[in-house]
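The structure appears right after this line, and notes come after that.
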Amino acid sequence: MGFYNLSPDAMREVQSPDAGEFLHRDGSNVASVIARLSAEQPESLARIQSYLATIVPGIIGVERVSLGPRETIQVNQKAQGESDSRSFFAASMSDGTLRALGALVAASQLTERTIPANLIGIEEPETALHPAAAGALMDALREAASHTQILVTTHSSDLLDQVDLETDCLLAVVSQGGVTVMAPIDQASREAIRSHLYTLGELLRMDQLEPSRESLEMQKDMEVFCRELEKRSESHP
């Protein structure tokens, strides 16, 4: 399993090379992972570059480059109407571009391996990203979810508006009395969306996305049941 809170600052730093087997939590070894993808999984890297080009128009390639004993990533970009492309090191890339690249690499890094990751969790991948790019990012994550389970946390109404309740699983997370609880959204919210009264993003902005009370009650009943089983196992070893 891999869990990510991507740091653009860490991704900008030149790094010592490693095997690139698995992206670090902050994305700091992204150059090594891209180098491995280029050698072992070129199709996965091509998909990453394709999605990144949709999110950031003009990008035509991402590669690992050596800087003496260290390494970083280089993005090649071609502006509309220009015949020649320009190259930028990670140090010159925006936070949103780096976070989008990190999210795409995290979700796709093991898709062609015989033993993929069981779960990839990404915290707020849309941070510093243009709202119009949310659809492309969600498409990439949904494609990766056909190979491994993808878990994303978000406060973005733009990203939520790309969620399809027929195919995607949406859980509402709230704090109640100092305790964090999580459950599918309530039936009233689902009906409002199905009736086209509101979108998910609009409900979030109105603070109307609530976890299902029935699901929370079921969770409490399950906790009581599990505690009772533990007591019985302790009294009858």
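When a residue number appears, it is its place in the shown sequence, counting from 1.
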Would a 4.5 Å heavy-atom cut-off, applied to side chains only, mark [X] and [Y] as touching?
{"X": "I48", "Y": "I34", "result": "no"}
{"X": "L170", "Y": "P184", "result": "no"}
{"X": "L203", "Y": "M206", "result": "yes"}
{"X": "V181", "Y": "V173", "result": "no"}
{"X": "D186", "Y": "L209", "result": "no"}
{"X": "F89", "Y": "L67", "result": "yes"}
{"X": "V152", "Y": "P125", "result": "yes"}

Roughly how far apart are [X] [atom1] and [Y] [atom2], rounded to 0.5 Å?
{"X": "L37", "Y": "S44", "atom1": "CG", "atom2": "OG", "value": "6.5 Å"}
{"X": "L52", "Y": "T97", "atom1": "CG", "atom2": "OG1", "value": "6.5 Å"}
{"X": "L119", "Y": "I150", "atom1": "CG", "atom2": "CD1", "value": "7.5 Å"}
{"X": "E43", "Y": "Q41", "atom1": "CD", "atom2": "CD", "value": "9.5 Å"}
{"X": "S28", "Y": "D18", "atom1": "OG", "atom2": "CG", "value": "8.0 Å"}
{"X": "T199", "Y": "H196", "atom1": "OG1", "atom2": "NE2", "value": "11.5 Å"}

Derivation of the side chain to side chain contact (heavy atoms under 4.5 Å, CB included) call for I120 and Q149
CA-CA 6 Å; I120 295 294; Q149 187 175 6; over 6 Å; no

Taking [X] for the side chain and [Y] for the main chain, is one N or O donor matched with an acceptor at less than 3.5 Å?
{"X": "N29", "Y": "H24", "result": "yes"}
{"X": "E71", "Y": "S32", "result": "yes"}
{"X": "N118", "Y": "M1", "result": "no"}
{"X": "R70", "Y": "V14", "result": "yes"}
{"X": "S66", "Y": "G68", "result": "no"}
{"X": "T127", "Y": "E124", "result": "yes"}
{"X": "E13", "Y": "A10", "result": "no"}
{"X": "S195", "Y": "E191", "result": "yes"}
{"X": "Q49", "Y": "V62", "result": "yes"}
{"X": "Y198", "Y": "L204", "result": "no"}

Presence of salt bridge, D168 and R142, under 4.0 angstrom:
yes

Does a salt bridge link E143 with R47, judged by any charged N lying under 4.0 Å from a carboxylate O?
yes

Does D207, at its CG atom, have more than 12 non-hydrogen atoms belonging to other residues, nucleotides or ligands within less than 6.0 Å?
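12 or below, so no.
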
Side chain to side chain contact (heavy atoms under 4.5 Å, CB included), that's the test. Do I73 and L101 meet it? Break it down for me.
CA-CA 11 Å; I73 54 174; L101 175 61; 3.4 Å; yes

Verify whether one side chain among R36 and Q109 offers a donor that lies under 3.5 Å from an acceptor in the other.
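There is no such pair (donor and acceptor under 3.5 Å, judged by atom type) between the side chains of R36 and Q109.
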
What pair of heavy atoms forms the shortest contact from [X] to [Y], and how long is it?
{"X": "P17", "Y": "P69", "answer": "CD-O, 3.3 Å"}
{"X": "E63", "Y": "N76", "answer": "OE2-ND2, 3.4 Å"}
{"X": "S156", "Y": "T154", "answer": "N-OG1, 2.9 Å"}
{"X": "R205", "Y": "S157", "answer": "NH1-OG, 2.6 Å"}
{"X": "A136", "Y": "I55", "answer": "CB-CG1, 3.7 Å"}
{"X": "L159", "Y": "A134", "answer": "CD1-O, 3.8 Å"}

Identify whether [X] and [Y] are in the same connected component of the hydrophobic contact network (ILVMFWY, side-chain heavy atoms under 4.5 Å).
{"X": "L98", "Y": "F88", "answer": "no"}
{"X": "L141", "Y": "F22", "answer": "yes"}
{"X": "V163", "Y": "V174", "answer": "no"}

List, one per line, each side-chain donor-acceptor pair under 3.5 Å for residues 214-226, sequence neighbours excluded.
from	atom 1	to	atom 2	distance (Å)
E214	OE1	S212	OG	3.0
Q219	NE2	M182	O	2.8

Evaluate side chain to side chain contact (heavy atoms under 4.5 Å, CB included) for L129 paired with D158, printing each intermediate quantity in order.
CA-CA 10 Å; L129 197 63; D158 296 298; over 6 Å; no

Using the rule given for side chain to side chain contact (heavy atoms under 4.5 Å, CB included), can you reason through L6 versus V30, listing the C-alpha separation, both sets of side-chain angles and the distance that settles it, and then say yes or no?
CA-CA 10 Å; L6 297 161; V30 63; over 6 Å; no

Worked verdict on D95 versus R12 for salt bridge (Lys or Arg N to Asp or Glu O under 4.0 Å):
CA-CA 9 Å; D95 285 7; R12 288 190 184 97; 2.4 Å; yes

S7 and D9: side chain to side chain donor-acceptor pair (under 3.5 Å), yes or no, with the steps?
CA-CA 5 Å; S7 168; D9 288 339; 5.1 Å; no

